[in-house]
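Naming convention: chains lettered A, B, ... in sequence-line order (proteins, then strands); numbering from 1 in each chain.
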Amino acid sequence: MIGRIGLHIVTLFAVLLTVVTLVFAMLHLAGDPADALVPPGSDPEDVAALREQYGLDESVGRQYLSFISNAIRGDFGTSWRFDQSASRVVLDRLPATLELVGFALLLSIVSATLLGSLAGARPGGVVDTIAHLISLAGQAIPGFWLGTMLILFFSVRLGWAPSSGREGFSSMVLPVLTLAAYPTAVLIRMVRASVEDAYRNDYVRTARGKGLSESAVLALHVARNAAIAPIAFAGVLAGFLLAGAVVVEWVFAYPGAGQLALQSVSNRDLPVVLMFVTCSAVFIVLANLAAEIATLLADPRLRDAEPERMRSW
Amino acid sequence: MTMAEHLHGVHRASGESARPARPARSWSLRFSAGMWIGLSLAILLLVFAAIGPLLVDADPEAQQLSARLTEPAFLDGGSWEHPFGTDQLGRDLFARMAVGLRFSLAIGLAVTLIAGLTGVLLGLLAATSGPVVDRLTGFLVNVQIAVPAVILAIAAAAIFQPGTGVVIGVLAATGWVSYQRVVRATTKSLLASPFVEASRSMGGSRVWIARKHLLPNSLGPVIVIATQQIAAVMLFEAALSYLGLGVPSDTITLGGMVAQGREAMLAAWWVPALPGVAIAMSVLSLNLIGDGLRRRLDPRSRTARS
């Protein structure tokens, strides 16, 4: 098991290296990176100075090596907008985003587990129907639209919660609800299916046969086995949530890293954008590693299984 | 399983033919009405996208400042001249939504085609070309997971000039993974199945087996994924347009309409609300159709139904 996790960690570094390489390739595909790195309308002298500073007059191979070594140290240069290192600017905004993502993750896991397992325990029941409708709606409604409608109803009409900013718990409610909607919808479906599957196992029949109550069967046997699929899914969920956070932060003017990244795109503040993209790749890769370790802990069968049976990580 | 089933390539994994202890009542089975709802919605939306602007005889770009923020026909004060009302520049929302929906659908189809072909090819390669190719494509999957569509779109918007090509490129580059996974998995299990072995022992070449057995048998899941991916792409495209990461803002998109409508939302809620409804309806309809197709094409639910 340790060896397998070690292999994942090696893969993880290779993935990050590839992401940075792709970013470098995109920069060069778009033309002269010096033009992209300076704000529009800069002095030609400034451009020349920057070209020298970043070694852009050297060969592509050398440029690549220095780009990689800078990227590993988290050095993507100085933000044009904030006159600070790009990594400082992004890292300052990251906690707000992680807070948003964390609450949404918690909300979606708790609500989807509850609804999904109740639905899976009684297929065809009232809860099942409600869960199905919620799941269909949550997967169809665009997050940015849901957020806008929540603002319109709860902030403008009723005045219950602020429509923007990040001051206190009440300002978190609408963004977290918006962000959690899609992952909850996907998770409900998944939990329901794996609960229904788990009920079909022989050990459930055995447990019932030896006289366990239905709630004990659910808690002791079904829930544990039904949890494996959603746990393995948590890594993908992290990607959903981070990408969703960008949208939600924009809708609610929430001062997180996603909003910063979008502002940096319109400011053409490339160092900040590159830092943000790299940071999110690191976040998602770590979340996948955590999900993988959790899956191995939750499902002893996988520990000795052929690598073939493993999911992607 | 009979020999005839082997020869016709009907594949069932071991154990699935056994009757489950509890009756399988999956959602898609109970809600077979969902398929019909999905199809009717899809036809309605297609007709709307195709002839919408003609129905109201309005140019989607024409500004009519005397008729700004008029109510939709279903509200007090609205008229059938503008069935969905007008925006803050007096442009007809019905016509604009139809044009925006066309754009969404076109992007959805284009991306699904490109990503689908790429994913199917990579999946087949991964399953049939040995462990090195398998590892490599698996690695590519991991790289893609580390950069979700919205994040890649941010990088692309900062680096490239905005345009339809960039949007399609970003969404195709992030959309092939689900095809690859499914085709790889089904192909692997098909390769181990008796009818493929029979074909091989009768001298079937690799290309023959891929064309006659592997592709047709993984087509079902691929069609299901493709249906639902059109929906996912429409959602992503709308989000990118809303965020200003998509096509230039003079192109009419549903996401862009929601973004522009926010400026008017205090006076006229329908301006941002209605385009979002169009997106949600399209996605819902495609997801329902996908669920219905899954029921028809998945042999597992076929056994459950009989």
Side-chain angles (χ1 to χ4, degrees), chain A residues 11 14-16 18-19 22-23 26-27 29-30 36 123-124 128 132 136-137 139-146 148-149 151-152 156 189 192-193 196 199-200 202 204-205 235-236 239-240 242-244 246-247 250 261-262 264-266 268-270 273-274 276-277 280-281 284-285 288 312-313, chain B residues 20-27 30-31 34 138-143 145-152 154-161 181 188 231-232 234-235 238-239 242-245 254-255 258-259 261-262 265-266 269 272-273 275-277 279-288 291:
Chain A
T11 317
V15 166
L16 289 178
T18 314
V19 169
L22 288 177
V23 167
M26 276 168 74
L27 274 174
L29 272 179
D128 192 21
H132 187 219
L136 276 176
Q139 281 177 282
I141 295 172
F144 61 87
W145 184 78
L146 179 63
T148 310
M149 294 301 114
I151 290 176
L152 207 50
V156 178
R189 224 186 145 95
R192 183 201 180 276
E196 204 190 359
Y199 264 115
R200 287 194 209 140
D202 289 340
V204 170
R205 204 183 320 157
V236 180
F240 279 0
L242 193 69
V246 173
V247 177
W250 194 246
L262 289 171
S264 303
V265 168
S266 48
R268 301 205 61 81
D269 197 346
L270 200 62
V273 173
L274 296 184
F276 174 75
V277 172
S280 38
I284 294 172
V285 158
N288 273 286
S312 57
W313 286 83
Chain B
R22 290 159 63 92
R25 298 185 66 187
S26 72
W27 279 344
R30 268 191 317 109
F31 284 78
F139 183 73
L140 277 183
V141 170
N142 289 335
V143 171
I145 289 172
V147 190
V150 174
I151 310 286
L152 183 62
I154 286 178
I159 293 173
F160 299 112
Q161 294 295 322
R181 277 190 169 161
K188 285 225 157 183
M234 288 176 78
L235 270 181
Y242 176 86
L243 297 174
L245 297 172
L254 293 172
V258 176
R262 275 197 69 159
M265 99 182 157
L266 295 183
W269 59 265
V277 174
I279 303 168
M281 288 294 156
S282 316
V283 176
L284 180 68
S285 118
L286 285 162
N287 281 342
L288 285 173
D291 282 348

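The shortest distance between side-chain heavy atoms of A/Thr18 and B/Asn142 does not fall below 4.5 Å. For the pair B/Pro148/A/Leu242, no side-chain contact is recorded, criterion being any heavy-atom separation below 4.5 Å from C-beta on. Between B/Trp269 and A/Met149, the closest side-chain pair of non-hydrogen atoms is not below 4.5 Å. Looking at heavy atoms from C-beta onward, A/Gln139 lies out of side-chain contact with B/Val283 at the 4.5 angstrom threshold. Counting heavy atoms from C-beta on, the side chains of A/Leu152 and B/Arg262 never come closer than 4.5 Å.
Tested against A/Val265, the residues B/Ile154, B/Leu243, B/Ile159 include a single side chain to side chain contact (heavy atoms under 4.5 Å, CB included) partner, B/Ile154. Checking B/Leu254, B/Val277, B/Leu235 one by one against A/Trp145, the side chain to side chain contact (heavy atoms under 4.5 Å, CB included) holds for a single residue, B/Val277.
Neither the backbone nor the side chain of A/Ala193 comes within contact range of chain B; no heavy atoms are under 4.5 Å apart. If you measure heavy-atom distances from A/Val277 to chain B, the contacts under 4.5 Å come from both the backbone and the side chain. Both the backbone and the side chain of B/Ala156 come within less than 4.5 Å of a heavy atom of chain A. Neither the backbone nor the side chain of A/Phe240 has a heavy atom closer than 4.5 Å to any heavy atom of chain B. For chain A, no part of B/Leu140 is nearby; none of its heavy atoms comes within less than 4.5 Å. Of the atoms belonging to A/Ile151, it is side-chain heavy atoms, and not backbone ones, that fall under 4.5 Å from chain B. With a threshold of 4.5 angstrom between heavy atoms, B/Leu245 approaches chain A through side-chain atoms but not through N, CA, C or O. The contact between B/Ala238 and chain A is made by backbone and side chain atoms together, counting heavy-atom distances below 4.5 Å.
With sequence neighbours excluded, no residue forms a side chain to side chain contact (heavy atoms under 4.5 Å, CB included) with B/Ala232.
One finds the OH atom of B/Tyr242 at 4.0 Å from the OG1 atom of A/Thr148 (value rounded to the nearest 0.5 Å). To the nearest 0.5 Å, atom CD1 of residue A/Ile284 and atom CD1 of residue B/Ile151 are 6.0 Å apart.
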**Message:** Quick one, B/Val143 with A/Leu22, criterion side chain to side chain contact (heavy atoms under 4.5 Å, CB included). Give me CA distance, side-chain angles, the key distance, then yes/no.
**Reply:** CA-CA 10 Å; B/Val143 171; A/Leu22 288 177; 4.0 Å; yes
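Taking every heavy atom of both residues into account, B/Ala146 and A/Val285 meet most closely at CB-CG2, 3.9 Å.
Comparing B/Ala273, B/Pro272, B/Gly261, B/Ala259 by how many heavy-atom pairs each has under 4.5 Å with chain A, the most go to B/Ala273. Ranked by heavy-atom pairs under 4.5 Å with chain B, the list A/Ser264, A/Gly244, A/Ser280, A/Gly143 is led by A/Ser280.
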